[in-house]
Protein chains: 2
Amino acid sequence: MTLAEENYLKAIYHLEQQFPKGVSTNALAEEMKTKASSATDMVKKLAEKDMLTHIPYQGATLSEAGRGYAVKVIRRHRLWEVFLVEKLNFSWDEVHEVAEHLEHINSDKLIDELDAFLEFPIYDPHGDPIPDKQGHFKHIEKIVLAKAEVGSTYKCVGVDDTSSKFLKYLDSNAIGLGTIMTIKHKEPFDNSIKIALEHSEMVVSQSVAKNLYLKKV
Amino acid sequence: MTLAEENYLKAIYHLEQQFPKGVSTNALAEEMKTKASSATDMVKKLAEKDMLTHIPYQGATLSEAGRGYAVKVIRRHRLWEVFLVEKLNFSWDEVHEVAEHLEHINSDKLIDELDAFLEFPIYDPHGDPIPDKQGHFKHIEKIVLAKAEVGSTYKCVGVDDTSSKFLKYLDSNAIGLGTIMTIKHKEPFDNSIKIALEHSEMVVSQSVAKNLYLKKV
DNA sequence: CTTATAATTTAGACAAAACTAAAAATATGT
DNA sequence: ACATATTTTTAGTTTTGTCTAAATTATAAG
């Protein structure tokens, strides 16, 4: 698998969550920030390598091999993110770009030893699960802040939007993975939510509330 | 700088030690395990980018910029080697291949933080000096075992040949960086040398003696 | 059911980095 | 000095992954 092939597999894997019936050429091209014709070419190549099945004008679906490979790349990516944040003082909005490169280094020993060195982490710095060596994810049942119930207390376990802007907003408001919060009030007018943190209270907008994952504690 | 360009710069940098007047196309092609015509093409490209000066049929010499870039790549390579050996339990014959990939990830923050995490190492696992952020090497005065004097005691500080075969030979004889040895006898017949380690004595051949660097203690 | 529009694929080109084969320049031996 | 051998360069292809423009297929609206 070349670098480009790995990136396409990863993109298709992510898009499959959203489009389980098959990933369209356009969606893939948009995700990869390229043109539809390029996506077509690569899909054809990956189909020849039995990484996916492709019905022209319909969409692409990963094969077992393709999905396995994508998960492997995701495992590498997320382990490196943990390393960058825990050992090299990266903040959660800085890790992505570097991890995009590190994830393509293909050495089983490297990744297995890194995994052990980090003491087999189960979640990455954004709260996303890290698949184990066999490709199995530890599932976490999480809800979105927008659907949390008033009066209950939750722990922050992840984010949906991983843009630098959003992560910096959370940082500046002392919200991170593991932060404990209680839902004080939901404002029906604009769907904003008032939450209580350890030492402060704040109101978050609906767009924030839709991108923060919580787990009841 | 692309991956291929970085590898060529590094190769030219190494060859310049051996051929200070200019690196020939053939030598470069051999080092890169490619053909002379490919070397010519790349040298032309690097000359256009002002990474080196090239006089056709004469040879190539790195510019300041080119040498600086090569040193940067070497710094990255050697820091990653330290990381792999010290943190991920790689042995010194396993590190090279993976470090060849890691060295091309271009992030100043990544390398500076890695440097700090490793506590600013000055030598890599093979005893080669690691340039600092400014590209300066800490020079070590070392001699080759073949020229050590009978009766003196030395510390092993590096190797010349970094082939897996040689490193495994050293490993299996309990010789590593930092190993203390005393020269017992030099055999004029075949230039073999008898040395005393902490708990044993052994005889090494001339070809081994020419590839082990020592420092008087 | 036909037509307009949107999505997808094909065809043809390009740049990077490699190759082969051949030409040109330099070096060497007598 | 001259013929030969070696080194280096040039010319023309190949592969990977991209692009634009054009053609094809699917979808939706009337």
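We name chains A, B, ... by the order of the sequence lines, and we start the count at 1 in each one. These numbers were taken from a predicted model, which means no experiment stands behind them.
- For the OP1/OP2 pair of D:dT8 and a distance below 4.0 Å, the side-chain nitrogens and oxygens of B:H54 include no atom meeting the criterion.
- Remark: B:K35 is not in phosphate contact with C:dA21, judged by side-chain N or O atoms under 4.0 Å from OP1 or OP2.
- Remark: C1' of D:dT16 and CD of A:E6 are 15 Å apart, rounded to the nearest angstrom.
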ask   = What string of B, S and - do you get for nucleotides 23-28 of chain C, 5' to 3', when a contact is any protein heavy atom under 4.0 Å?
value = -BSS--
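- The ring-ring contact (aromatic ring centres under 6.0 Å, His included) test applied to A:H96 returns A:H77, not counting sequence neighbours.
- Scanning atom types as modelled, one donor and one acceptor separated by under 3.5 angstrom connect the side chain of B:S37 and the base of C:dT20.
- Residue B:T34 is classed as a sugar-phosphate contact, given heavy-atom separations below 4.0 Å to backbone atoms only.
- Spacing between atom CD of B:E30 and atom P of D:dT7 amounts to 10 Å, rounded to whole angstrom units.
- If you take CE of A:M42 and C1' of D:dC19, they are 14 Å apart, rounded to a whole angstrom.
- Atom CG in A:N26 sits about 18 Å away from atom P in D:dT25, given to the nearest Å.
- Using a 4.0 Å heavy-atom distance criterion, A:T25 is classed as a sugar-phosphate-only contact.
- B:S163 and B:D161 share a side-chain donor-acceptor pair at under 3.5 Å.
- In terms of position along DNA chain D, the nucleotide closest to B:D41 lies nearer the 5' end than the nucleotide closest to the other residue of the pair B:D41 and A:T2.
- A salt bridge links A:E64 with A:R67; the closest basic N to acidic carboxylate O contact falls under 4.0 Å.
- A:A4 comes within contact range of the sugar-phosphate backbone alone, with a heavy-atom separation under 4.0 Å but no base atom that close.
- Atoms CD1 (A:I55) and P (D:dT25) sit 16 Å apart, rounded to a whole Å.
- In this structure, a donor-acceptor pair under 3.5 Å is present between the side chains of A:N7 and A:H104.
- Side chain of B:T40, nearest nucleotide from D:dC19, D:dT7, D:dT9: D:dT9.
- For B:L28 and D:dT8, the CG to P distance is 10 Å, given to the nearest whole Å.
- Looking at heavy atoms from C-beta onward, A:E5 lies in side-chain contact with A:K49 at the 4.5 angstrom threshold.
- Straight-line distance from the CG atom of A:L46 to the P atom of C:dT9: 13 Å, rounded to whole Å.
- Panel note: side chain A:H126, backbone A:W92; a donor-acceptor pair is recorded below 3.5 Å.
- In this structure, the NZ atom of A:K33 is 18 Å from the C1' atom of D:dC19, given to the nearest Å.
- No hydrogens or angles considered: a donor-acceptor pair under 3.5 Å links the side chains of B:D93 and B:S91.
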